[in-house]
Asker: 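Pasting in a structure now, in structure tokens, and then I'll have a few things to ask.
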Amino acid sequence: MRHFVFRWLVTTVAVFVAAPIVGINYGDRLGCLLGASLLLGIVNAFVRPVLLLLSLPLILVTLGLFILIINALMLKFVSVLVPCFQVHGFWSALFGAILISFVSWLLSAFFRGSDGRVHVLTHHGQIKQVRGRVIEPGE
């Protein structure tokens with residue numbers, strides 16, 4: 001559940017960042033932004049994999065660039081379903097999808113540890129001492 005909430009918040013921040021740049025209108029209402037981000041996450045989780053599978057030949061021919069088109073269509077689809085969330089035109093959807101993907105990737109990478117899991121950043125006042133010995137190669 002924590003991972004789901006984290007992904008939802010990351011998507012919300014990404015849409016919030018992209019909105020004024022590409023002209024996405026959510027009426028400056030937090031509820032609309034949260035709802036659209038939630039629906040975008042659900043659509044990306046369930047509809048997008050089916051579209052990716054069906055369009056696999058196009059994705060291969062375009063060397064993956066068609067995935068950008070699919071991401072734009074998902075953003076435009078959310079704007080059709082959520083009345084207060086408006087994406088004006090295909091180009092706004094395309095640039096918005098690119099920007100949302102980039103910001104989501106950046107935020108996720110910032111909070112992801114080397115083990116691939118999401119970790120909350122904390123501050124530790126002391127460094128713990130560890131006892132042991134170093135094994136040199138060839139011993």
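Numbers here simply count residues along the sequence, with the first being 1.
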Asker: List the steps, then state whether side chain to side chain contact (heavy atoms under 4.5 Å, CB included) holds for Leu81 with Val78.
Answerer: CA-CA 5 Å; Leu81 294 178; Val78 168; 5.8 Å; no
Asker: Step by step, would you call Ile67 with Arg48 a side chain to side chain contact (heavy atoms under 4.5 Å, CB included)?
Answerer: CA-CA 10 Å; Ile67 294 174; Arg48 186 172 177 261; 3.4 Å; yes
Asker: Using side-chain heavy atoms (C-beta onward) and a distance below 4.5 Å, is Thr62 in contact with Ile69?
Answerer: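 They are not in contact (no side-chain heavy atoms under 4.5 Å apart), so the answer is no.
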Asker: Between the side chain of Lys76 and the main-chain N/O of Val87, is any donor-acceptor distance below 3.5 Å?
Answerer: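 Side chain of Lys76 to backbone of Val87: a pair is present.
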Asker: Do Ser108 and Arg7 make a side-chain contact, defined as non-hydrogen atoms from C-beta onward lying under 4.5 Å apart?
Answerer: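 Side chain of Ser108 against side chain of Arg7, heavy atoms only: contact under 4.5 Å found.
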Asker: Less than 4.5 Å apart, side chain to side chain, heavy atoms only: is that true for Leu73 and Leu51?
Answerer: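 No, their side chains stay 4.5 Å or more apart.
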Asker: Are Leu52 and Leu60 linked, directly or through other ILVMFWY residues, by side chains that come within less than 4.5 angstrom of each other?
Answerer: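 Leu52 does not cluster with Leu60.
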Asker: Given the rule in the side chain to side chain contact (heavy atoms under 4.5 Å, CB included) test, do Leu34 and Tyr26 qualify, once you have shown the distances and angles that lead to the verdict?
Answerer: CA-CA 10 Å; Leu34 288 170; Tyr26 58 92; over 6 Å; no
Asker: Over all heavy atoms of both residues, which pair between Ala18 and Gly96 is shortest? Give the atoms and the distance, please.
Answerer: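 Ala18 and Gly96 have their closest heavy atoms at CB-O, 4.3 Å.
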Asker: Check step by step if side chain to side chain contact (heavy atoms under 4.5 Å, CB included) holds for Ile98 and Asn71.
Answerer: CA-CA 8 Å; Ile98 291 170; Asn71 289 347; over 6 Å; no
Asker: Picking from Leu38, Val13, Leu40, Ile42, what satisfies side chain to side chain contact (heavy atoms under 4.5 Å, CB included) with Trp8?
Answerer: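 Among Leu38, Val13, Leu40, Ile42, the one that satisfies the side chain to side chain contact (heavy atoms under 4.5 Å, CB included) with Trp8 is Leu38.
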Asker: Are Leu68 and Val47 connected into the same hydrophobic cluster when the rule is that any two of I, L, V, M, F, W, Y join if their side-chain heavy atoms are below 4.5 Å apart?
Answerer: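 Result: yes, single cluster for both.
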Asker: More than 12 heavy atoms of other residues, nucleotides or ligands under 6.0 Å from CZ of Phe102: yes or no?
Answerer: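 Not buried by this count: 12 neighbours or fewer within 6.0 Å.
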Asker: Count I, L, V, M, F, W, Y as connected when their side-chain heavy atoms are under 4.5 Å apart, and connections chain through other members. Are Val61 and Ile59 then in the same cluster?
Answerer: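 Result: no, two separate clusters.
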Asker: If you measure from SG on Cys84 to CG on Asp28, what distance do you get to the nearest 0.5 Å?
Answerer: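 It is 11.0 Å, given to the nearest 0.5 Å.
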Asker: Is there side-chain contact between Phe85 and Leu75, with heavy atoms separated by less than 4.5 Å?
Answerer: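 Yes, close enough: below the 4.5 Å cut-off.
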Asker: With hydrophobic residues grouped by side-chain heavy-atom distances under 4.5 Å, do Val43 and Leu54 end up in a single group?
Answerer: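 In one cluster with Val43: Leu54, no.
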Asker: Within this structure, what is the CG-CD1 distance for the pair Asn44 and Ile100, rounded to the nearest 0.5 Å?
Answerer: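 So the CG of Asn44 and the CD1 of Ile100 are separated by 9.0 Å.
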Asker: Can you get from Leu99 to Leu65 by hopping between Ile, Leu, Val, Met, Phe, Trp and Tyr side chains that sit under 4.5 Å apart?
Answerer: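 Yes, Leu99 and Leu65 fall within the same hydrophobic cluster.
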Asker: Could you check Val17, Val10, Thr11, Leu9 and say which one makes a side chain to side chain contact (heavy atoms under 4.5 Å, CB included) with Leu107?
Answerer: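 Result for side chain to side chain contact (heavy atoms under 4.5 Å, CB included) with Leu107: Val10.
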Asker: For Ala97 and Ala72, which heavy atoms make the closest approach, and how far apart are they?
Answerer: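 So the minimum-distance heavy-atom pair works out to CB-N, 3.7 Å.
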Asker: Identify the two heavy atoms, one from Phe66 and one from Ser55, that lie closest to each other, and give their separation to 0.1 Å.
Answerer: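 The answer is CE2-CB, 3.7 Å.
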